[in-house]
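These numbers were taken from a predicted model, which means no experiment stands behind them. The sequence lines fix the lettering, A, B, ..., with proteins before strands; numbering per chain opens at 1.
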Amino acid sequence: MIFSLELIKWYSENKRSLPWRNTRNPYLIWVSEIIMQQTRVEQGLPYYHRFISAFPNLKTLANAPLDEVLRIWQGLGYYSRARNIHYAANQIQQDLNGIFPSTYLEILKLKGVGKYTASAIASFAFDEYTPVLDGNVIRFTSRYLGVYGEVAKKENAKTMEDFLLLEIKKSKAPDVFNQAMMEFGALHCTPQNPNCKICIFKINCRAFADNKVNSTPLVKKSAKKQKRFFNYVYFDIENKGIPSTLISKRVQKDIWQDLYELPLLEQEKIKKSDIVDFFHLPKSSEKNLKKQFKIIHQLSHRELHVVFWEYHTSLDVISDTLSPLYEVIPQIKLSQKAFPVPIVSFLNRKEETEKILSLDKNN
DNA sequence: AACACGGGGTG
DNA sequence: CACCCAGTGTT
């Protein structure tokens, strides 16, 4: 039995239809690969369409402001991907005359492109024999070969890479081979309870023979989630008849870098007076500050306790003591900025509430 | 080598 | 709740 022949036969009969599989355009393939990093296909697919609709080619992406790219990326997470792809588009425009690099080593130099993505683009767009080693392929290959040690270790990665390089060469079709490896891992050799009984590779699968499928690949347990405590204040500001509010940009090297947010006080135990003091609000205006609600927002590595407050005022009252960090913006223009998911949820919820209130008033 | 970085689906 | 997804960059 020839491994790659069996694999590609399975692939031709079971593959999903995905938009980036029917193109050789390196830009489109690149966009799809960046969006799909650590992201399930169902989650990333709508973002792929949004992205190429907004930025159909390298030039439109390179010329767009970063804020617009982040707007498209809003809600997808790992926002460094958006910053890096925007940066790399300008790399290509300026350093490479707008010509997309065509070899693995050149593609690897792009910001946000690591070994996996460089291999993927090189094979899909340029037929280079560069095997991909993503989560799906690692799972399938480590089981098939019986790689039971820590997958991140150089030695174990090399065992898998050597095997894959041999097989991709035999396949004579590096693009199809890579797609098929990932698809098999995603659809058949699944993380939990793969259906080994009907697997076309079970005869030669070491983990199956050793009854170690469910414990392979070895994963080290993640560190305990740290908690953070965010207090966001929605300023409801009367400003010459234009309902306005305050936002600021997260410039620190931290979660949600370069996204916008409401004025923030990061502190666990909190009283109204803490907020009034922190934002230099008139002491007498504590009655204008209302706690709205609290949500717990789960990230992979953090547990965010987010409390939303609302403070009613007019611009004259606060303008003198206001930090220049904050930007005054009409409330109706908030949708033009990219916000983290919890803030989007708050703004949507607020909008819904006001819709209902105005309906009540009219009836 | 370990950690930071998002958000959401699955069993 | 644990696990993990078409991973990469930084420390």
> Can you run down the salt bridge (charged side-chain N to carboxylate O under 4.0 Å, His left out) pairs that involve residues 55-79 of chain A, sequence neighbours left out, and say none if there aren't any?
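Qualifying pairs, neighbours excluded: Asp67(A)-Lys249(A).
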> Nearest-Å distance, CG (Asn156(A)) to P (dA1(B))?
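Rounded to whole Å, this separation is 11 Å.
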> Reading nucleotides 5-11 of chain B from the 5' end, what letters show protein touch, with B for base, S for backbone sugar-phosphate only, - for no heavy atom under 4.0 Å?
BBBBS-S
> Would you call the rings of Phe346(A) and Phe293(A) parallel, tilted or perpendicular if under 30° counts as parallel and over 60° as perpendicular?
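It falls in the tilted class, 30° to 60°.
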> Which residues pass the side-chain contact (heavy atoms from CB on, under 4.5 Å) test with Val307(A), not counting sequence neighbours?
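Applying side-chain contact (heavy atoms from CB on, under 4.5 Å) to Val307(A) gives Asn231(A), Lys291(A), Lys294(A), Trp309(A).
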> Can you run down the ring pair (Phe, Tyr, Trp, His ring centres under 6.0 Å) pairs that involve residues 93-116 of chain A, sequence neighbours left out, and say none if there aren't any?
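Pairs touching residues 93-116 of chain A that pass the test: Trp30(A)-Phe100(A).
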> State yes or no: are the ring centers of Tyr144(A) and Phe163(A) separated by less than 6.0 Å?
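So the answer is yes for these two rings.
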> Return yes if a side-chain donor-acceptor contact under 3.5 Å exists between Lys225(A) and Gln298(A), otherwise no.
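Distance-only check passes for Lys225(A) and Gln298(A).
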> Checking Ser123(A) against Asn178(A): is there a side-chain donor and acceptor pair closer than 3.5 Å?
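Side chains of Asn178(A) and Ser123(A): pair found under 3.5 Å.
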> Do Ser285(A) and Asn288(A) have side-chain atoms, one donor and one acceptor, less than 3.5 Å apart?
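No.
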> Cut-off 3.5 Å, side chains only: do Ser142(A) and Arg206(A) have a donor facing an acceptor?
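No, because no side-chain N or O of Ser142(A) sits under 3.5 Å from a partner of the opposite role on Arg206(A).
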> Distance under 4.0 Å to a non-hydrogen atom of chain A counts as contact; along DNA chain C, which nucleotides mark the start and end?
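That gives a stretch of dC4(C) to dT11(C).
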> Let's test your reading of the pairing rules: Watson-Crick or G-U wobble, both distances under 3.5 Å, then write DNA chain B as a dot-bracket string with ( ), [ ], | and dots.
|||||.|||||
